[in-house]
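Taking it in order: structure first as C-alpha cells, then the write-up.
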Amino acid sequence: MMEYQFDYAKFCETFNVKDDNAIDSLRLQHKHDINFKLFPYMGSGKTQDPIITGLEVVVSAFFRKSLNLEVEPVKYESLCDDLITEMEIADEDIEIFKEMIHSLFFEGDDFVAKNMGLYPYQTKVNNKSADRLADFLLDVFGLNENDCNIIEDAMKKHPYNVVEKVVVDAIQTSKTGIIRDNKSYFPIIHDVQEKFKNDFHFMLNTGMTSLDDLSNLLSVYYFYYISQTCVTLDNFGFGKRNSPVQLYYALDWEKVSKNRKCCVEGWKRIQSSANHMFSHALTLEILNQHTLSNVMLDYISLQEYVTEHSEQDVIIASEIEKAENTYTSCVGDYKKFEQIPYASGGTKTDIAIRHLYRCVEEQFLNTGRNKVSQSYSEKFAGFCKTRWVKNRRKSGLVLNLTERDIIFLTKISIKDKDKIRLIDLYKEYEYRGIFLDNISKEYLQEFFTKLNLIDKKSDSGDAQYVKRIL
C-alpha cells in the first residue's frame, strides 16, 4: 500500500525556502520540474527561453534522442578530408568537389540534413527550448526500443544518392546506451501515444520523411497532447486520460460567424485552461514533495488510489493540507489565503488538491509574479497562434486548417489505401483531435472536388470517396 506523506525537508530543499522571519515577504522560489515534470517550458522571457513556433528545429534532436545517439559535430574541412581519402579524386577536381559538398550539406558552418538518414547528425541548434521540447515529445509519445528499431530500419532502407551514402559512411558517431539520465516528463493523457506511433511508423515505412512532413506530424500531436492535457488538468482528479474533448476548426479560406462551433468550441475552449499551466506545474511539484522515492503522482493517480483505498482518503488529504500550510506560510506577501473557499463534492483528497491549486493560482493573480505565469503559458499559446490559430477579427481567434494541413492530414488518414469514404475521412480527422462542423465539411468537399480527388461510386448510392493524394 502506498504511504503518501508530505516531506517538509524535501519541500524546503526544492523551493529554496529561506529561514528568515520576515512574515510579509516571499520566502521561497517557485520552482518546477524537480520532482514532477509536466511541460517543457520555463517562466523566463522570450530571450532566455525562446518560443518554438515551428517544429523543424526539433526533428533532428527528436531522432537523435530516439536512437540514443551522441554525435560529434560534423566539421566541413574534416568531412572533406575524410571523403577525399576514401575516394579517388584528381588534384585539379578537389576544390570543385569541396564546393559541391558545401553546397549540398552545409549552410555556413552548419551541417544541414535533407535526408532522413542524416537527421541525427545535423548541427545541434543552440536552443535549450528546442532540446527540452524534443525530450518532452519522446516521453509523452512513449517511444520505446521497438520504435527505435523501426526508425533504424527505415534509415537503413532510405534511398541515398551516391554522395549522401559516402557522407553517411564518413560521419563518425559514438552510440551510447542512455544519454538521458534526467527525470522523464509525466504523460497526463495516454491515448496520444498509439495514435502518434501509427502515423509515425506509416510515414517512416513509406518515405514520408521530409523535414516538412515530420515537423507537421510533430505539430499535430504536440498540439493534441498539450491542449487535451490542459483541459484534463482543470478537471483535477476527475480528468480522463483517454477521453479527449472535441475541438472544432475552420478552413483557412472560409468565412466564419460568431455562433459557429469553431468559434465557441475551438481555441476558446482551451484558452483559459492554457492560462493555468504554470499553476498546475507548481501544484503538482508541491504534491510531489513526498517520501515515496522516484514516484511521480498526478491528480488522477491520487484520485484513483483513494477511490480504491477509501480509508486513505482522509490521511492523504491531511498530508496535502500540511503541504498547503507550508507553502502559504512561505508566501508572506499575499494575505488572503484564508478567504479562498473550498470546493464541494468529490473525495477529501480532491478537495484538498483543488484548494492547494487555488492558493497557488490566487497568489499569482494578485502579485507582480503573474508575469512569470503568463510567460510560461505563452510558450504554448505563441506556438498555437503561429501554427494553428487564425484571427477572424469580429469572430475572434479560431483554430485553423490551411490547404497544407488538409493535404498532410488526408495523406496520413488514407495511408496506403487507394481511397477512403468521405465520411470515414472526417472520422480519421476526429481521431487526431480535429473536428469540423457541417459548413466546414462542405468547403472541404469542394476543395477535394477542385483537386479532382472526389470519386462517386455508382454501386454505393451517394457514397463519395476521396482518392489518395500522391
Side-chain angles (χ1 to χ4, degrees), residues 53-56 195 199 203 208 210 212-228 231 244-271 274 380-415 417 419-456 462-470:
T53 54
L55 268 62
E56 294 85 357
K195 295 176 181 182
D199 286 340
M203 288 172 63
M208 261 184 85
S210 70
D212 198 40
D213 280 334
L214 289 167
S215 64
N216 279 340
L217 181 75
L218 294 178
S219 293
V220 167
Y221 283 103
Y222 172 40
F223 176 75
Y224 180 100
Y225 177 83
I226 299 247
S227 59
Q228 297 296 337
V231 174
V245 296
Q246 296 182 4
L247 298 177
Y248 281 82
Y249 291 65
L251 306 187
D252 195 41
W253 58 91
E254 64 173 307
K255 291 181 180 178
V256 298
S257 55
K258 284 184 179 179
N259 60 349
R260 291 271 303 279
K261 280 189 172 182
C262 57
C263 297
V264 182
E265 297 178 42
W267 177 246
K268 189 181 281 188
R269 175 74 181 81
I270 57 172
Q271 192 170 16
F380 175 58
F383 159 74
C384 295
K385 288 172 184 176
T386 304
R387 181 65 181 82
W388 292 112
V389 173
K390 184 172 182 176
N391 190 339
R392 301 286 184 151
R393 295 189 172 86
K394 288 182 180 178
S395 299
L397 300 176
V398 174
L399 291 176
N400 188 66
L401 290 179
T402 63
E403 290 186 6
R404 163 195 170 201
D405 295 325
I406 289 163
I407 289 170
F408 174 74
L409 288 165
T410 303
K411 279 184 175 182
I412 60 173
S413 295
I414 297 179
K415 289 193 161 55
K417 298 191 288 286
K419 53 182 170 284
I420 187 172
R421 287 175 65 187
L422 188 56
I423 56 171
D424 290 333
L425 181 62
Y426 298 145
K427 289 176 186 173
E428 289 289 335
Y429 279 27
E430 291 168 5
Y431 174 78
R432 294 164 179 82
I434 295 163
F435 287 77
L436 301 171
D437 66 13
N438 288 333
I439 298 172
S440 293
K441 286 176 180 176
E442 287 177 18
Y443 277 103
L444 186 60
Q445 186 177 332
E446 284 178 14
F447 174 72
F448 288 135
T449 302
K450 283 179 185 174
L451 293 180
N452 198 28
L453 293 172
I454 291 290
D455 183 15
K456 265 196 179 181
D462 291 327
Q464 300 198 71
Y465 289 77
V466 178
K467 292 182 279 189
R468 183 152 57 113
I469 299 173
L470 300 175

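Taking Phe435 as the reference, Tyr248 meet the ring-ring contact (aromatic ring centres under 6.0 Å, His included) condition, with sequence neighbours excluded. Tyr222 is linked by a ring-ring contact (aromatic ring centres under 6.0 Å, His included) to Phe383, counting only residues two or more places apart in sequence or in another chain. Applying the ring-ring contact (aromatic ring centres under 6.0 Å, His included) rule to Phe447 yields the partners Trp253; only residues at least two apart in sequence or on another chain are considered. Under the ring-ring contact (aromatic ring centres under 6.0 Å, His included) criterion, Phe408 pairs with no residue, sequence neighbours left out.
Within the 4.5 Å cutoff, the side chain of Thr410 has heavy atoms near those of the Leu425 side chain. With contacts defined as side-chain heavy-atom distances shorter than 4.5 Å, the pair Ile434/Leu247 does not qualify. You'll find the side chain of Asp455 stays beyond 4.5 Å of the side chain of Val466, heavy atoms only. You'll find the side chain of Arg432 reaches within 4.5 Å of the side chain of Asp199, heavy atoms only. For the pair Leu436/Leu251, a side-chain contact is recorded, criterion being any heavy-atom separation below 4.5 Å from C-beta on.
What you find for Ser219 and Leu55 is that their closest heavy atoms are N-CD2, 3.7 Å. A pairwise comparison of heavy atoms in Val264 and Lys258 identifies CG2-O, 3.7 Å as the closest pair. Residues Ser440 and Tyr249 come closest through the heavy atom pair OG-O, 3.7 Å. Among all heavy-atom pairs drawn from Ala274 and Phe380, the shortest one is CB-CD2, 4.2 Å. When all heavy atoms of Val231 and Arg269 are compared, the closest pair comes out as CG1-NH2, 3.8 Å. Of all the heavy atoms in Ile412 and Lys415, the pair that sits closest is O-NZ, 3.0 Å.
Within the structure, the salt bridge (Lys or Arg N to Asp or Glu O under 4.0 Å) test picks out no pair touching residues 213-223 (sequence neighbours left out). Note on residues 437-448: pairs passing salt bridge (Lys or Arg N to Asp or Glu O under 4.0 Å), not counting sequence neighbours, are Arg260-Asp437.
A donor-acceptor pair under 3.5 Å is formed between the side chain of Lys467 and the backbone N or O of Asn452. At distances below 3.5 Å, not a single donor-acceptor pair connects side-chain atoms of Arg387 with backbone N or O atoms of Thr53. With hydrogens and angles disregarded, no donor-acceptor distance shorter than 3.5 Å links the side chain of Lys268 to the backbone of Glu265. A donor-acceptor contact shorter than 3.5 Å links the side chain of Tyr221 to the backbone of Lys195. Checked by atom type and distance alone, the side chain of Gln228 pairs as donor or acceptor with a backbone atom of Val245 at under 3.5 Å. At distances below 3.5 Å, not a single donor-acceptor pair connects side-chain atoms of Ser413 with backbone N or O atoms of Glu428.
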Apply side chain to side chain donor-acceptor pair (under 3.5 Å) to the pair Thr402 and Asp405, showing each step before the final yes or no. CA-CA 5 Å; Thr402 63; Asp405 295 325; 3.0 Å; yes
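Between Trp388 and Phe223, the two ring planes are tilted [angle within 30° to 60°].
Here OH of Tyr225 is found 15.0 Å from CG of Leu218. Values are rounded to the nearest 0.5 Å. In this structure, CG on Leu397 lies 12.0 Å from SG on Cys262, to the nearest 0.5 angstrom. Leu409 contributes atom CG, which lies 11.0 Å from atom CD1 of Ile414 (distance to the nearest 0.5 angstrom). If you take CG on Leu401 and CD on Glu254, they are separated by 9.5 Å, rounding to the nearest 0.5 Å. Atom CD1 of residue Ile420 and atom NZ of residue Lys427 lie 10.0 Å apart, to the nearest 0.5 angstrom. In this structure, OG on Ser210 lies 10.0 Å from CD on Glu56, to the nearest 0.5 angstrom.
Environment of CZ in Arg468: crowded, with over 12 heavy atoms of neighbouring residues, nucleotides or ligands closer than 6.0 Å.
Between the side chains of Asn259 and Ser257, at least one donor-acceptor pair of N or O atoms lies under 3.5 Å.
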